[in-house]
Amino acid sequence: MSGTPFYVTTPIYYVNDEPHLGHAYTTVLADVLARYARLWGRETFFLTGTDEHGWKVERAAQSHGVSPQEQADTMVVRFQESWERLRIAPDDFIRTTEPRHRRVVQAVLQQLWEQDDIYQDDYTGWYCVPDERFWTEKDLVDGNCPDCGRPVEQLAERNYFFRMGRHQEWLIQTIQDNPNFIRPESRRNEVLGFLQQPLGDLCISRPVSRLNWGIPLPFDGEFVTYVWFDALLNYVTAPGYLQDDERFARLWPQALHLIGKDILITHCVYWPTMLHAAGLPLPRQIFAHGWWIVEEQKMSKSLGNVVKPLALAERVGVDAFRYFLLRDMTLGRDASFSEASLLQRYQADLANNLGNLHYRITNMTGRYCAGRVPAPGEPTPLETSLQARSEALIPSLREQVERLALNQGLAEVVELAAEVNRYLEQSAPWTLAKAGEAGRVATILYTAAEALRICALLLWPVMPERMATLWQQLGWQATERPGEGLRWGALQPGAAVSRGEPLFPRLEPAGEAA
Ligand code: MSP
């Protein structure tokens, strides 16, 4: 295992509703990054979970006629089952109602209270009920919530405040000194822009009389903790804060937080100042991705355009669905979702390119090489160049993944598969076989299979099931550490090649398998 561990998180999702495409995207992305890190032999910790306190959940429970805990217990299963079906395999799944988390939240609150980083005051503000956030008069846009555009309510009450404002200069300096702390650049600039205005203190309590469903403040039982203050701390609870010092010290500073652009300020302003006040190091990076837009609009229940990930995964297969999500979202930008684009991507990259290549190679090996991996002969410049391209792709893909430019990285792998398809066209082993040139046929089929096997390994984190089938059919067995196969020549001549069903059957426009 190479030195630094890889620790990746997703936002923890509210249990007021079922998972949708947006949740699935961030979670698939985290899963894929964790699988790449494992492929490269790094110690990996992938965390996801659910955000179970607060008004949203309390109200959802009320509308279903159940207790908030029952609401959470029912909905958490929906998330866990969905992730399992999408082949998302977190190392830990945190629920904010767990005792381990409650302990951490209360300990941090107590510490900040004793340090005078928390004080009590009267507060009058504009409250956005769905977002659970207070806004000042000047924040409002046309009298509505600046974040979601919905109406706000005026509320006056006694509350507790975190002295966030005192960390403003430090935060600006920290962001300026660490260009990679907030990515991409556009989001970093957005946060720096936000910090040009004076940073106020943060209301971190809710009176029990108004909201019951939360973690009680350890120093005043009449209040529960504001849901964001509670939720953000999940990222330190899971790697062992106040439970396992050694593990926490190893993992925590490596954290990569994947978030949607909608929760930029909570993660890039509230969270670092909370950590700073508590004397904890910052995460390594916060990366905000764009939104999936459906028919030019944000997905929302009221618009009736919420995309359910599992239905789509059934249509094209889980692996193809994962591939689509990563291939079609460009670093930090919004992506437009449509079923047509999903099917088009499936057809072009998977059915016609990768799947077709696999089908051709296994079939010809069956026909011309008695179903065994052939021993390659002397390479011509064609083979040397294909080998060089395959070898160059290995570090290049790693670099793209580390930059979180997955769509570019995947495009390069699929481009190599297309190149191998062209190589087969060009060298026409079927003609050579008829002409009795068995040696050339063996070299060509070995070269094509080896390049495809490398493609399959590089795509394995994205399509774990299909790619493992692919390389097995090509005659390669992964060891405990499949990453060891990331080199030219690991495919052993003589190994049995099987002619399976097409890996990505072509779809008719109407969606029926061909
Ligand atoms: N509970 C908070 C997060 C707390 S993290 C300490 C929350 N939960 S949420 O259930 O509303 O999920 C928000 C996340 O879902 C977004 O940040 C984003 O990751 C994802 N998405 C929600 N809608 C999305 C799209 N339309 N497109 C892409 N992702 C979006 O906020």
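For ligands, and for the atoms within them, numbers begin at 1 and follow the listed sequence.
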NZ or CZ of R315 within 45° of Y346 ring axis and under 6.0 Å: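 R315 over Y346 ring: no.
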Would you please classify the geometry between the F219 ring and the W113 ring as parallel, tilted or perpendicular, with 30° and 60° separating the classes?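 W113 and F219: parallel rings.
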Students should find this: residues with any non-hydrogen atom under 4.0 Å from ligand 1. What is the answer?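 Contacts of ligand 1 under 4.0 Å: P11, I12, Y13, Y14, H20, G22, H23, T26, D51, W228, A231, L232, N234, Y235, G260, D262, I263, H267, H289, G290, W291, W292, M299.
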Under 3.5 Å, is there a donor-acceptor pair linking the side chains of T124 and Q154?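 There is no such pair (donor and acceptor under 3.5 Å, judged by atom type) between the side chains of T124 and Q154.
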Any chance the rings of H23 and W83 have centres within less than 6.0 Å?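 When the ring centroids of H23 and W83 are compared, they turn out to be at least 6.0 Å apart.
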Under a 4.0 Å N-O cut-off, is there an ion pair linking R87 with D31?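 Not counted as a salt bridge, because no side-chain N and carboxylate O are separated by less than 4.0 Å.
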Charged N to carboxylate O under 4.0 angstrom, E246 versus R250?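 Salt bridge flag = yes for R250 with E246.
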